[in-house]
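Presented below is the structure to which this report refers.
Below, each value reflects all heavy atoms present in this structure, side chains not excepted, and no hydrogens, waters or symmetry copies. Note that the coordinates shown come from a computational prediction; the quantities given were computed from them, not determined experimentally. Throughout, protein chains are lettered first and strands after them, A, B, ... in sequence-line order, and every chain is numbered starting at 1.
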Amino acid sequence: MTRIANIDKSSVDRKSSPYSSVDSERYSSLVKSVMSSRVSSQTPETLQAEDDHIYGPVVKAQTPTRPEVREPKTLHPFLNCEETVDTEEPESGLPARISLNRGQGRSFVPSVTRILQQTLSPEQIFYLERWKRRMIAELGEEGFKEHSQNLFRQGKLLHSALEDILTSGAAWKDRDPSETPEYPPEVRGYLESISHVLEDVSAVRAIESTVQHGTLNYLGIVDCVARYRGVLCVIDWKTSDKPKPFLSNTYDNPVQVAAYAGALNNDGNYKYQVENGLIVVAYKDGSPAHAHQLSSEVMLEYWKTWLLRLEEFTEKRASHASSTLPENR
DNA sequence: GGATCCTTCTTCTTCTTC
């Protein structure tokens with residue numbers, strides 16, 4: 001950067017020369033080209049190449065995947081057509097909380113989180129690993145471990161506080177979020193951050209409740225099902241150190257929400273359908289949380305993405321199983 | 001009672017200029 005500054009300076013210094021105006025034109029395009037070459041030298045591809053050099057090639061990169069719009073092989077319906085509107089349950093009762101109870105038989109039902117984690121794009125894996133390497137370089141192995149556990153702990157604390165608030169149905173509007181002695185101090189900033197969103201949440205129908213798709217083989221636990229500004233939504237609470245003002249900042253979160261909603265809509269334990277979603281990103285310093293609403297149209301798009309990820313996961317498992325089978329014999 | 005599961009988070013190039 002200092003080099004470019006020097007170039008600029010030298011062009012200014014030669015202002016009196018007859019070339020002055022032409023030169024500065026040249027310099028500006030030169031600077032531009034230098035800048036653009038700098039940019040291209042920093043692309044994920046070259047970083048990936050560097051990464052390959054250090055860590056060996058990424059297996060996934062061998063498949064000539066095309067990032068163009070892919071469609072799932074089978075477009076399973078997001079909504080369950082058999083469920084009708086007249087099965088509306090009263091919204092006044094206690095929210096449902098179906099606890100996870102797996103291990104009926106030996107059938108393995110993978111979770112939404114597991115499937116998303118195992119179908120990350122090579123690019124996502126690359127940036128996550130690079131982030132991890134940098135953090136370890138900065139904090140050390142132990143420090144990084146502690147940092148990660150701290151992030152998880154904050155998320156868990158917020159979830160249990162919200163669980164408490166939404167279950168008790170306490171009039172949150174009348175409370176000062178900064179004065180909540182019953183919640184740990186670490187969570188108060190998040191609660192303050194999220195309080196303006198909670199004012200728009202009503203008719204809570206489910207909290208931390210298991211959803212399992214009746215035909216597609218997956219399950220998960222929804223944070224919350226409630227009305228947000230009158231619209232019934234699957235809601236996902238998130239804590240974040242970095243601001244996430246746009247939906248695109250939330251990575252796979254919308255896919256996660258669509259997966260939960262699709263499972264709920266096709267789970268006999270729930271007698272209603274949820275077409276919309278909401279991702280709420282809360283901040284520790286108390287600054288207003290970002291609430292990203294997912295319309296039914298948007299949810300359908302993410303449902304397709306989810307089906308793709310699910311297909312990928314299933315194929316991967318199948319090929320993995322067949323490749324490891326001979327060893328087991 | 002112990003082990004396992006689900007979930008809790010983490011990514012996006014950089015730093016131009018006044």
Counting side-chain heavy atoms from C-beta on, which of [options] comes nearest to [X]?
X        : options               : answer
A/Lys156 : B/dT7, B/dC6, B/dT10  : B/dT7
A/Trp131 : B/dT11, B/dC6, B/dC9  : B/dT11
A/Lys244 : B/dC6, B/dT7, B/dT10  : B/dT10
A/Gln124 : B/dT10, B/dC6, B/dT11 : B/dT11
A/Thr239 : B/dT8, B/dT10, B/dC9  : B/dC9
A/Ser111 : B/dT11, B/dT7, B/dT8  : B/dT7

Does A/Val211 reach a base, just sugar-phosphate, or nothing at all? Heavy atoms under 4.0 Å.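 Counting heavy atoms under 4.0 Å across all strands, no contact is made by A/Val211.
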
Regarding A/Lys238, tell me which of base, sugar-phosphate or nothing describes its non-hydrogen contacts under 4.0 Å with the strands shown.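 It contacts sugar-phosphate atoms only.
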
Round to the nearest Å and state the distance from A/Trp237 atom CH2 to B/dC6 atom P.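 Atom-to-atom, A/Trp237 to B/dC6, this comes out as 23 Å.
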
Whole-Å distance separating the CD atom of A/Gln149 from the P atom of B/dT10: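 Distance check: A/Gln149 CD to B/dT10 P gives 15 Å.
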
Let me check something: any side-chain donor-acceptor pairs from residues 295-302 of chain A under 3.5 Å, sequence neighbours excluded? List them with distances.
| residue | atom | partner | partner atom | Å |
| --- | --- | --- | --- | --- |
| A/Ser295 | OG | A/Glu297 | OE1 | 3.2 |
| A/Ser295 | OG | A/Val298 | N | 3.2 |

When the nearest nucleotide of DNA chain B is assigned to A/Gly220 and to A/His147 on a heavy-atom basis, which residue is associated with the more 5' position?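 Result: A/Gly220.
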
Just checking A/Glu146: does its CD atom have more than 12 heavy atoms from other residues, nucleotides or ligands closer to it than 6.0 angstrom?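 Check fails, neighbour count at 12 or below.
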
Side-chain N or O of [X] closer than 4.0 Å to phosphate OP1/OP2 of [N]:
X        : N      : value
A/Tyr260 : B/dT7  : yes
A/Lys242 : B/dT11 : yes
A/Arg130 : B/dT11 : no

Flag, side chain of A/Ser193 to backbone of A/Gly189, donor-acceptor distance under 3.5 Å: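 Side chain of A/Ser193 to backbone of A/Gly189, a donor-acceptor pair under 3.5 Å: no, none is there.
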
Examine distances only and state if a side-chain atom of A/Trp303 and a backbone atom of A/His76 form a donor-acceptor pair shorter than 3.5 Å.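 Here the side-chain-to-backbone pair exists.
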
Give, ordered by number, those residues of residues 279-290 of chain A having at least one heavy-atom distance below 4.0 Å to an atom of DNA chain B; if nothing qualifies, reply none.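 Listed by number, there are none.
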
Is there aromatic stacking of A/Tyr127 on B/dT11 here, judged by a ring-centre distance under 5.5 Å and a plane angle under 30°?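 One would not call A/Tyr127 stacked on the B/dT11 base.
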
Distance-only polar pair, side chains of A/Tyr183 and A/Asp164, donor-acceptor under 3.5 Å: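 Checked: A/Tyr183/A/Asp164 side chains pair up, N/O donor to acceptor below 3.5 Å.
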
Using side chain to side chain donor-acceptor pair (under 3.5 Å) as the criterion, list what pairs up with A/Asp252, not counting sequence neighbours.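 A/Gln124, A/Arg309.
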
With A/Ile115 as reference, evaluate A/Leu310, A/Asn217, A/Val255 under the side chain to side chain contact (heavy atoms under 4.5 Å, CB included) test and give the passing residue.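 Going through A/Leu310, A/Asn217, A/Val255 one by one, the side chain to side chain contact (heavy atoms under 4.5 Å, CB included) with A/Ile115 is satisfied by A/Leu310 alone.
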
